[in-house]
Protein chains: 2
Amino acid sequence: MTTAKRDTYTPETLLTVAVRVFNERGYDGTSMEHLSKAAGISKSSIYHHVAGKEELLRRAVSRALEGLFGILDEPGATRGRAIERVEYVTRRTVEVLIAELPYVTLLLRVRGNTKAERWAMERRREFDQRVAELLKAAVADGDLRSDVDIRLATRLLFGMVNSLVEWYRPQPGGDAEGEQLADTVVQLAFEGMRSDR
Amino acid sequence: MTTAKRDTYTPETLLTVAVRVFNERGYDGTSMEHLSKAAGISKSSIYHHVAGKEELLRRAVSRALEGLFGILDEPGATRGRAIERVEYVTRRTVEVLIAELPYVTLLLRVRGNTKAERWAMERRREFDQRVAELLKAAVADGDLRSDVDIRLATRLLFGMVNSLVEWYRPQPGGDAEGEQLADTVVQLAFEGMRSDR
DNA sequence: GTCTATACCGTGATAGAC
DNA sequence: GTCTATCACGGTATAGAC
């Protein structure tokens, strides 16, 4: 029942274009004029599909947040030893970041100037807290080093993971590329960069 | 000879205010009206001190870049074993990030919409490349693990370091706080988060 | 579903008085 | 050095024809 051909815009297809431009120029640096040029339709035609610029932002960050929160409900994140759940969530976060790259990129860059942005920031904080609790449990189990503040370690770990959006660009033919990258990130984060082990 | 009291603005003191607002609202999300309110003077008075909004941005990112490139000229970054130079640069980058927090924050967020931004991004890439060469040398020495792509490891390492600007807020009384934080970052990055060593 | 035309407001920047 | 007044422009968004 899904229409294959696509010669006119829907909110979904328009979102794809908008998110790309938002990430190139920044949300505030993007005007409806920029969007209309990129989409190949007039400014006013955009308003036929969405209520305005902010709705596009809201849809985009919602999608990113759905992906991230979805991880926390997966079996790997709810069962087993805490350290294993931590590594699982880290690995899956990398994979979701890559799978939903433009949406998560936008999420990680919102500044809180509009209602939609502030809502997104709040939900993101929730996610961070959920992850921080996991790490805390792993420390209690004695599987993560206890000589550094765990809140700090969580932030640094996810600072490393989130930095992916600043430079990672998916390869056209790279299929299982995400899993490989996730492996490397987990290795570096938990085993360190030194070779003398 | 330095005038202690400050009841009128100079380009320097104005920059302090502007950079704070830029970081709160984003550069593109900040209008001259926002700046004038924050500075307590009228829009047109701002133009008496600086040529415009972009000059404020240029001054800010210049300051950040000076701080970062300065590190590469320090003895610790030019002498000794490569691995030691890598750890030194990492540690010092954290310290400079904290010492020049608002300026580096702005630098790390530019999108390339204006000339000043594109120039800043180019110089930043130069810095990253210089650091990547250091890490490469440390791998050649056998001191850094060779089972992961070194360009990738460099990006993740500095992704972790740079993420500081997203959440670190200096404590009013915290003096040697920066050095402590730098120690932790270096430990986590090079030794990893696991406790089983 | 897309267009042209337009309303209306905030933007960066300037002129000139004090 | 700061102000008020003003400019030209681009911003989001709407009206209404096709």
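Letters A, B, ... are given to chains in the order of the sequence lines, protein chains preceding strands, and every chain is numbered from 1.
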Are [X] and [Y] side-chain neighbours, meaning at least one heavy-atom pair lies under 4.5 Å?
X        : Y        : value
B:Glu179 : B:Val94  : no
A:Glu117 : A:Thr114 : yes
B:Thr13  : B:Val17  : no

Could you tell me the separation between the [atom1] atom of [X] and the [atom2] atom of [N], rounded to a whole number of Å?
X        : N      : atom1 : atom2 : answer
B:Lys53  : C:dT11 : NZ    : P     : 9 Å
A:Arg25  : D:dG11 : CZ    : P     : 9 Å
B:Met32  : D:dT6  : CE    : P     : 21 Å
A:Glu55  : D:dT12 : CD    : C1'   : 14 Å
B:His49  : C:dA13 : NE2   : P     : 16 Å
A:Ile46  : C:dT4  : CD1   : C1'   : 15 Å
A:Asn113 : C:dT11 : CG    : C1'   : 15 Å
B:Phe22  : C:dG12 : CZ    : C1'   : 12 Å

Any [X] side-chain nitrogen or oxygen under 4.0 Å from OP1 or OP2 of [N]:
X       : N      : value
B:Thr8  : D:dT2  : yes
A:Ser44 : C:dA5  : no
A:Tyr47 : D:dA13 : yes
A:Ser45 : C:dC3  : yes

Sugar-phosphate, base or nothing in reach of [X], heavy atoms under 4.0 Å:
X       : value
A:Thr30 : sugar-phosphate
A:Lys43 : base
A:Ser31 : sugar-phosphate

Backbone of A:Thr30 reached by a side-chain donor or acceptor of A:Arg25 within 3.5 Å: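 No; judged by distance alone, with no hydrogens or angles, the pair does not exist.
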
A:Ala51 vs A:Glu33, nearer the 5' end of DNA chain D by closest nucleotide: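 The 5'-side residue here is A:Glu33.
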
B:Phe127 side, atom CZ; B:Ile71 side, atom CD1 - distance, nearest 0.5 Å: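 Reported to 0.5 Å precision, the distance equals 5.0 Å.
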
A:Ile41 side-chain proximity, nearest of D:dC3, C:dC3, D:dG1: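 So the nucleotide nearest the side chain must be C:dC3.
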
Proximal nucleotide (of C:dT2, D:dG1, D:dC3) relative to the A:His48 side chain: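 Nearest nucleotide to the side chain: C:dT2.
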
